[in-house]
Amino acid sequence: MTIPDKLRLLVETYEPIADPLERMALVVESGGHPGTLLPEAKRNEETRIRGCVSAAWISGELHEGASHFRCAADSPLVQGLLACLCSFFSGLPASEVAASDEDPLATLGLTRNLSPTRQNGLRHARERIREIARSLA
């Protein structure tokens, strides 16, 4: 699967939910998905996202040629948004993730109503994902 394929699937999943607040609620609900949750032991300064107001962490590794990302945050909203990003970019070749400037949250219209500080933190999270992907490629 490629980034455009994943984006199309993500849009198809959320498109039936017209209300942006309902979309956000669904994203926040899915933030605790065990597949994307970073264990407490890996939440350290190395995995911490700089530029994020909330305490938040992202880690990544390579499995069978594909990158996989995990995250944690002290805010349920941030956790949900990070989990969406980690799920979106996981399973793809690290080189494809490293080269991507895709913002799936913006495509879904989820960043529109966020404060500038939250938007900035999410920008830093996407940069961190690309940085991890570059180191894995």
Side-chain angles (χ1 to χ4, degrees):
M1 187 171 283
T2 64
I3 286 179
D5 294 334
K6 288 190 96 168
L7 191 59
R8 187 172 44 261
L9 182 61
L10 190 66
V11 168
E12 287 171 4
T13 300
Y14 284 90
E15 196 170 44
I17 306 166
D19 182 4
L21 293 177
E22 286 182 33
R23 278 187 187 187
M24 187 67 78
L26 183 59
V27 166
V28 170
E29 271 181 38
S30 65
H33 186 276
T36 61
L37 193 59
L38 184 67
E40 185 79 37
K42 293 197 176 201
R43 299 175 195 178
N44 54 46
E45 285 306 307
E46 183 181 324
T47 60
R48 188 168 179 137
I49 301 169
R50 307 284 185 272
C52 195
V53 174
S54 297
W57 303 265
I58 291 181
S59 171
E61 35 192 44
L62 209 54
H63 292 289
E64 298 178 8
S67 54
H68 293 274
F69 300 95
R70 299 174 96 184
C71 63
D74 63 357
S75 157
L77 173 64
V78 174
Q79 176 63 40
L81 294 168
L82 291 179
C84 186
L85 286 175
C86 287
S87 291
F88 181 81
F89 288 109
S90 287
L92 296 167
S95 58
E96 187 175 358
V97 174
S100 174
D101 61 355
E102 191 62 61
D103 183 353
L105 300 175
T107 300
L108 293 176
L110 297 177
T111 57
R112 221 176 291 150
N113 297 319
L114 295 176
S115 69
T117 55
R118 288 262 193 251
Q119 290 179 26
N120 187 48
L122 290 170
R123 182 178 53 80
H124 284 281
R126 287 190 319 277
E127 287 173 6
R128 178 75 180 125
I129 287 172
R130 283 193 304 269
E131 178 184 296
I132 292 168
R134 279 192 294 276
S135 73
L136 297 173

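Note: hydrogens, waters and symmetry copies are ignored here, and every other heavy atom, side chains too, is used.
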Evaluate side-chain contact (heavy atoms from CB on, under 4.5 Å) for Cys84 paired with Leu105, printing each intermediate quantity in order. CA-CA 8 Å; Cys84 186; Leu105 300 175; 3.7 Å; yes
Quick one: does Val27's side chain get under 4.5 Å of Leu110's, heavy atoms only? yes
Walk me through it: do Lys6 and Ile3 pass the test side-chain contact (heavy atoms from CB on, under 4.5 Å)? CA-CA 5 Å; Lys6 288 190 96 168; Ile3 286 179; 5.7 Å; no
Between Ala98 and Arg130, what is the shortest heavy-atom contact and its length? O-CD, 3.6 Å
For Glu45, the side chain to side chain contact (heavy atoms under 4.5 Å, CB included) test, sequence neighbours excluded, returns Arg48, Arg50
One should read off an interatomic distance between Met1 CE and Leu92 CG, to the nearest 0.5 angstrom, of 8.5 Å
Given the rule in the side-chain contact (heavy atoms from CB on, under 4.5 Å) test, do Leu37 and Gln79 qualify, once you have shown the distances and angles that lead to the verdict? CA-CA 9 Å; Leu37 193 59; Gln79 176 63 40; 3.7 Å; yes
Inspect the surroundings of CG in Asp19 and state if more than 12 heavy atoms from other residues, nucleotides or ligands are less than 6.0 Å away. yes
Measuring from atom OG1 of Thr13 to atom CG of Leu26, what distance do you get when rounded to the nearest 0.5 angstrom? 9.0 Å
For Asp74 and Ala55, indicate whether the former's side chain and the latter's backbone hold a donor-acceptor pair under 3.5 Å. yes
Taking side chain as C-beta onward, heavy atoms only, is Leu77 less than 4.5 Å from Met24? yes
Suppose the criterion is ring pair (Phe, Tyr, Trp, His ring centres under 6.0 Å): which pairs have a residue in residues 86-118, not counting sequence neighbours? none
Of all heavy-atom pairs linking Gly121 and Ile49, the shortest is O-CG2, 4.3 Å
Would you please name every residue forming a side chain to side chain contact (heavy atoms under 4.5 Å, CB included) with Arg128, sequence neighbours left out? Ile58, Glu131, Ile132
Got a donor-acceptor contact below 3.5 angstrom from the Asn44 side chain to the Thr47 backbone? yes
If you measure only the distance, is there a donor-acceptor pair under 3.5 Å linking the side chains of Thr117 and Asn120? no
Trp57: which other cluster members, linking ILVMFWY side chains closer than 4.5 Å, directly or transitively? Leu38
Inter-residue atom distance Glu61.CD - Arg70.CZ, 0.5 Å rounding: 7.0 Å
Can you list, by chain and residue number, the hydrophobic cluster partners of Val53 when the side-chain cut-off is 4.5 Å? none
Do any pairs count as a ring pair (Phe, Tyr, Trp, His ring centres under 6.0 Å) and have a residue in residues 58-86, sequence neighbours left out, and if so which ones? His63-His68
Report the distance from atom CG of Leu122 to atom CG of Leu82, rounding to the nearest 0.5 Å. 6.5 Å
What is the minimum heavy-atom distance between Glu102 and Thr107, and which atoms define it? OE2-OG1, 3.4 Å
Say you draw a straight line from CD of Gln119 to NE2 of His124; how long is it, rounded to the nearest 0.5 Å? 12.0 Å
Closest heavy-atom contact between Gly60 and Leu136? C-CD1, 4.2 Å
State plainly whether one hydrophobic cluster holds both Tyr14 and Val11, where clusters connect Ile, Leu, Val, Met, Phe, Trp and Tyr through side-chain heavy atoms under 4.5 angstrom apart. yes
For residues Leu10 and Pro104, report the shortest heavy-atom separation together with the two atoms involved. CD2-CB, 3.6 Å
Once rounded to the nearest 0.5 Å, what's the spacing between atom CZ of Arg43 and atom SG of Cys71? 9.0 Å
Any idea which heavy atoms bring Cys86 and Ser90 closest together, and the distance? O-OG, 2.7 Å
